[in-house]
Amino acid sequence: MIRQTDRKGKTPRRPPPKKPSNTQKDPVGVYCRVRPLGAEDEECCIEVISNTTIQLHAPDGLKANRNGEFKETQYSFKKVFGIKTTQRALFEDVAKPLVEDLIHCKNGLLFTYGVTGSGKTHTMTGSPGQGGLLPRSLDMIFNSICPYQAKRFVFKPDDKNGMEVQNQVDALLDRQKRDSQTTIPKTPTTRRIIDPEFADMISPEEACRADGVDEDGSYSVFVSYIEIYNNYIYDLLEETPFDPIKPKPPQSKILREDQNHNMYVAGCTEVEVKSTEEAFEVFWRGQKKRRIANTQLNRESSRSHSVFIIKLVQAPLDADGDNVLQDKNQVNVSQLCLVDLAGSERTSRTRAEGSRLREAGNINQSLMTLRTCIEVLRENQMCGMNKMVPYRDSKVTHLFKNYFDGEGKVRMVVCVNPKADDYEETLLVMRFAEMTQEVEVARPVDRPICGFAAGRRQRNQAFKEELTRRLEERGGPVDGETPTVLSQLLQSFPPMPPCEISGPNDDVTLPRLIEALEKRHKIRQMMIGEYNKTANMLKSILQEQDSNILSKENFIQEQRGKLCEKDKMIQNHKNEIDRLEKKSKMLEYKIDILQKTTNIFEEDKRSLQQELESREQRLQREMSEKRRMEARMQGVVTDAKLKWEKECERRVNAKQLEMQNKLWVKDEKLKQLKAIVTEGKTENRQPQRPSREKDKVPPKRSVSPSPVPTGLPVRPLHRRSHSAGGERWVDHTPATNVDLDTVMQPNIPNAIKVTAPSEKALSKCDKYVLTHQEVASDGEIQTKLIKGEVFKTRGGGQAVQFTDIETLKQEAPVPTSRKRRSAETGQAPEGDPMEVGWTDCETRCSVAVEMRTGSNLGPGYQHHGYPKRKKP
Ligand code: ADP
Ligand code: MG
């Protein structure tokens with residue numbers, strides 16, 4: 001409220017009532033309006049999730065850019081208006097309280113914020129058939145104050161942001177002057193559609209009225225319309241004579257501070273308007289001017305801020321309730337600023353270049369300043385700091401400094417276009433809006449009550465009506481006759497004696513007249529005395545009443561203060577609840593996400609458990625398989641073991657039998673030897689060569705039992721019968737042998753030559769010869785021909801019984817005495833080394849190689865001890 005503080009009044013004022021003890025504050029009311037998408041198939045990135053919250057989700061393209069990051073953000077506002085919101089509904093919620101405040105002498109600031117195309121102008125101005133907040137506000141103002149409007153020019157701007165009250169004569173003169181001026185378009189004061197261009201934007205049928213309008217006040221509305229472009233202020237209502245030859249560029253205005261430290265545009269046109277139509281016509285004029293200027297100067301209107309200021313001036317009627325009180329101090333001016341801010345997009349988006357870029361930069365700069373101011377304000381308020389708010393950095397913030405610093409109601413409509421293209425800009429808008437909500441502005445205090453009794457206008461009206469009625473009853477006042485009360489009063493005086501003087505000697509008339517007049521004078525004096533007495537009495541009663549009222553008012557104020565405190569407490573609680581609600585919503589959202597994550601993990605767990613189970617089952621199967629295998633193998637092993645045990649037993653038995661045979665043979669030999677020895681003794685010790693075994697008479701066996709029947713020699717092997725064609729030899733010459741090129745080469749006709757002993761060859765032959773080479777002690781190679789006979793064994797294999805060794809040796813012609821030694825050093829393939837010393841070749845050859853048919857162990861070597869045999 002801009003209060004006139006110049007105290008030059010004529011009527012004494014009461015002391016102003018006590019202000020509420022604390023300065024109450026309200027947060028900036030931030031509303032969000034979501035406009036419909038331009039095309040239905042456009043990608044949408046905003047969802048209205050409740051009437052206070054919207055949710056932004058990154059468009060698909062952007063998600064991909066940010067590694068598919070899932071991003072959703074929620075923003076809460078005082079209220080969210082979805083795409084179906086009507087202009088009226090928006091007005092009811094957002095602007096109506098501001099208009100009510102305006103009428104109750106409180107200031108208001110309403111601005112629309114958002115990127116270009118988000119619906120700021122649609123919201124503020126509207127379109128035909130869909131009037132915005134501005135025409136609706138005007139309409140409500142005029143609907144409310146219409147019956148109480150002051151005559152034009154009763155209030156007059158003082159060019160210092162104040163208002164003066166003109167006397168009736170001056171006002172009348174000004175009115176006459178205005179009527180005579182043809183250049184100023186005369187606008188109507190009654191509802192009449194003038195311009196079809198905007199006729200549809202003001203809708204009288206939706207009339208809206210403020211409550212509690214002070215009827216004892218007189219009102220006037222003044223409007224001004226400015227544009228702030230590139231940080232210059234232009235007056236859109238200024239009347240400049242048009243010069244077609246040299247059109248003057250628009251002159252920018254400056255900001256000034258009035259005596260109450262309120263900022264105003266110096267020299268700005270303020271047009272007094274008397275109706276919605278007139279006011280809107282003025283606005284439309286300014287709008288047209290703005291459009292023309294923008295076209296002429298090649299500017300983009302989206303980059304300028306437009307500010308429409310509605311000033312409501314009100315002053316109390318005088319005591320009679322007839323005229324406006326001629327007291328500047330009693331004039332109240334409240335104002336409502338409707339601001340359509342420039343598009344909040346970044347410079348890059350506007351694709352501006354050169355000087356236009358600079359302009360765009362400035363526009364952004366002013367919005368940036370607004371942002372900074374809001375930030376600092378918030379910080380100051382939240383942290384109890386006192387940082388300087390940089391209002392002066394831009395014209396917009398400077399102009400509205402008082403709203404944030406002083407008092408008033410501030411509301412912001414954040415306009416958003418849900419299209420995906422705007423997503424990033426919209427994010428910035430949302431952040432700014434959220435921050436703005438946290439700034440608090442001092443609540444405007446109530447207007448002090450003027451010193452006159454209420455109901456003056458009505459009484460005056462009633463008086464005037466009564467007067468008119470009575471005059472009408474009497475057929476109008478007669479000349480020289482004082483009407484009504486006065487005439488009645490006059491009638492109560494003693495009648496006047498006749499005043500005509502009959503002649504020069506008339507001494508009666510005059511003294512009688514004098515007497516009557518004196519009488520009347522006396523009565524008059526008496527009446528005056530009476531009147532004064534009554535007046536004084538009434539005065540004292542009134543004063544008493546006054547003081548009563550004053551104390552009651554003070555009491556009311558006190559109560560109001562308390563109420564305010566309670567209000568604040570409630571507000572604080574509400575804020576806290578809001579905050580908590582917001583938090584809980586956030587937490588719910590988080591819980592939701594966590595729930596989802598949990599579900600995913602549980603799913604994973606389930607699948608892993610399933611896998612584990614299946615693996616365990618497989619393991620079980622494999623284990624049992626293994627056990628079965630083990631059992632089977634055990635069976636096989638025991639089978640094999642049994643088989644081998646049997647086999648071993650069998651072999652051992654065979655061996656035992658063999659050994660017993662050998663033992664028996666040796667026994668037999670020993671016996672024979674014994675017999676020979678004893679025989680020799682008896683036959684005079686005549687030396688005798690041992691006879692052949694077959695010639696000998698077998699001695700009586702006495703020592704060991706024999707498994708074979710008696711008879712010599714005992715041969716467990718069957719000698720192959722000699723074929724008619726003579727002997728057949730196996731000539732075994734190992735491949736490693738060296739060809740010594742000697743004449744003493746064994747040349748056996750019809751022999752089977754082999755390099756390794758083979759059963760096949762043995763089975764076909766009955767003689768066997770091995771050509772064996774070795775290095776003798778003198779370093780010469782000596783060749784041995786080891787001869788044997790092939791026998792069939794009992795097992796069905798072949799056995800060779802070596803019978804003879806021929807040693808072939810190359811020597812130098814020097815004779816040596818080692819001839820016999822060859823036999824001594826000659827080695828049997830295997831044998832007891834003890835025997836080497838005394839046995840001859842025959843003994844050494846009593847070794848056979850037995851090869852078993854069907855044996856998979858390969859040829860086995862067995863030693864067979866046989867009695868010495870002669871060379872074949
Ligand atoms: P801004 O002033 O933010 O640049 P405008 O108010 O000029 O945006 O809106 C751009 C276009 O979108 C206009 O044609 C307007 O009619 C339309 N528009 C904006 N908001 C709405 C809405 N809530 N409902 C229908 N149309 C809208
Ligand atoms: Mg616009």
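Residues forming a side chain to side chain contact (heavy atoms under 4.5 Å, CB included) with Pro734 (at least two apart in sequence, or on another chain): His732, Thr736, Asn737, Leu770. Under the salt bridge (Lys or Arg N to Asp or Glu O under 4.0 Å) criterion, Glu625 pairs with Arg628, not counting sequence neighbours. With sequence neighbours excluded, the residues satisfying salt bridge (Lys or Arg N to Asp or Glu O under 4.0 Å) with Arg615 are Glu611. For Lys79, the salt bridge (Lys or Arg N to Asp or Glu O under 4.0 Å) partners are Asp93, not counting sequence neighbours. Partners of Arg627 according to the side-chain hydrogen bond (donor to acceptor under 3.5 Å, both in side chains) rule, which considers only residues two or more places apart in sequence or in another chain, do not exist here. Scored by the side chain to side chain contact (heavy atoms under 4.5 Å, CB included) test, Met629 finds Arg632 as partners (sequence neighbours excluded). Among residues two or more places apart in sequence or in another chain, the side-chain hydrogen bond (donor to acceptor under 3.5 Å, both in side chains) test is passed with Lys753 by Asp731. Under the side chain to side chain contact (heavy atoms under 4.5 Å, CB included) criterion, Asp592 pairs with Lys596, not counting sequence neighbours. In this view, Glu438 and Arg378 satisfy the side-chain hydrogen bond (donor to acceptor under 3.5 Å, both in side chains) rule, not counting sequence neighbours. With sequence neighbours left out, the side chain to side chain contact (heavy atoms under 4.5 Å, CB included) criterion links Thr73 to Leu56, Tyr75, Leu427. Under the side-chain hydrogen bond (donor to acceptor under 3.5 Å, both in side chains) criterion, Glu576 pairs with Arg579, sequence neighbours left out.
Note that the CH2 atom of Trp729 and the CG atom of Asp766 stand 8.5 Å from one another [nearest 0.5 Å]. Within the model, atoms NZ of Lys655 and CG of Asn661 stand 12.0 Å from one another, a figure rounded to the nearest 0.5 Å. Atom OG1 of Thr598 and atom NZ of Lys605 lie 11.5 Å apart (nearest 0.5 Å). The CD atom of Gln617 sits 11.0 Å away from the CG atom of Leu619 when rounded to the nearest 0.5 Å. Expressed to the nearest 0.5 Å, how far NE2 of His772 lies from OG1 of Thr807 amounts to 9.5 Å. Taking CE of Met623 as the reference point, atom CZ of Arg618 lies at 14.5 Å (rounded to 0.5 Å).
In this structure, the side chains of Val769 and Thr733 stay at 4.5 Å or more apart for every pair of heavy atoms. Between Ser763 and Lys792 there is no side-chain heavy-atom pair separated by less than 4.5 Å. Residues Leu785 and Ile805 fail the side-chain proximity criterion, which asks for heavy atoms closer than 4.5 Å. Counting heavy atoms from C-beta on, the side chains of Met430 and Val416 come closer than 4.5 Å. With a 4.5 Å cut-off on side-chain heavy atoms, Glu630 and Lys626 count as touching. When side chains are defined from C-beta on, Arg728 counts as touching Ile752, because their heavy atoms get closer than 4.5 Å. Side-chain contact check for Leu428 versus Arg431: some heavy-atom pair is nearer than 4.5 Å. Residues Val115 and Val429 meet the side-chain proximity criterion, which asks for heavy atoms closer than 4.5 Å.
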Applying side chain to side chain contact (heavy atoms under 4.5 Å, CB included), run through Lys666 and Leu663 and close with a yes or a no.
-> CA-CA 5 Å; Lys666 276 197 177 151; Leu663 211 66; 5.7 Å; no
For Glu581 and Lys574, run salt bridge (charged side-chain N to carboxylate O under 4.0 Å, His left out): C-alpha distance rounded to whole Å, both residues' side-chain angles, the deciding distance at 0.1 Å, then the answer.
-> CA-CA 10 Å; Glu581 268 176 3; Lys574 267 189 194 154; over 6 Å; no
Any chance you could lay out the side chain to side chain contact (heavy atoms under 4.5 Å, CB included) test for Lys764 and Lys760, step after step, and finish with the verdict?
-> CA-CA 7 Å; Lys764 286 177 186 164; Lys760 202 179 162 192; 4.0 Å; yes
Should Lys662 and Glu658 be marked as a salt bridge (charged side-chain N to carboxylate O under 4.0 Å, His left out) after you check the CA-CA gap, both sets of side-chain angles, and the distance that decides it?
-> CA-CA 6 Å; Lys662 273 189 201 169; Glu658 230 173 74; 5.1 Å; no
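The local environment of CD in Glu40 is sparse, with at most 12 non-hydrogen atoms from other residues, nucleotides or ligands closer than 6.0 Å.
Between the side chain of Asp804 and the backbone N or O of Lys787, no donor-acceptor pair lies under 3.5 Å.
In terms of heavy atoms, Ile54 sits closest to Cys32 at CD1-SG, 4.1 Å. Scanning both residues, Val730 and Ala761, for their nearest heavy atoms gives CG2-O, 3.6 Å. The shortest non-hydrogen separation linking Met435 to Ile374 is CE-CG2, 4.0 Å. The two residues Glu345 and Glu425 have their closest heavy-atom pair at CA-OE1, 3.5 Å. Across every non-hydrogen atom of Val30 and Phe77, the tightest pair is O-CB, 3.4 Å. Heavy atoms only, all atoms of each residue included: Ala58 and Tyr423 are closest at CA-CZ, 3.5 Å.
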Donor-acceptor pairs are to be reported for all side-chain atoms of residues 42-53 against protein atoms at under 3.5 Å, with residues two or more places apart or in another chain.
{"residue": "Glu42", "atom": "OE1", "partner": "Gly38", "partner atom": "N", "Å": "3.2"}
{"residue": "Glu42", "atom": "OE1", "partner": "Ala39", "partner atom": "N", "Å": "3.2"}
{"residue": "Glu43", "atom": "OE2", "partner": "Asp60", "partner atom": "N", "Å": "3.0"}
{"residue": "Ser50", "atom": "OG", "partner": "Thr52", "partner atom": "N", "Å": "3.1"}
{"residue": "Ser50", "atom": "OG", "partner": "Thr52", "partner atom": "OG1", "Å": "3.3"}
{"residue": "Ser50", "atom": "OG", "partner": "Thr53", "partner atom": "N", "Å": "3.1"}
{"residue": "Ser50", "atom": "OG", "partner": "Thr53", "partner atom": "OG1", "Å": "3.4"}
{"residue": "Thr53", "atom": "OG1", "partner": "Ser76", "partner atom": "OG", "Å": "3.1"}
{"residue": "Thr53", "atom": "OG1", "partner": "Lys585", "partner atom": "NZ", "Å": "3.1"}

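Judged purely by distance below 3.5 Å, without hydrogens or angles, the side chains of Glu789 and Gln801 never pair a donor atom with an acceptor atom.
Under 4.0 Å is where a charged nitrogen must lie from a carboxylate oxygen, and between Glu616 and Arg621 no such pair does.
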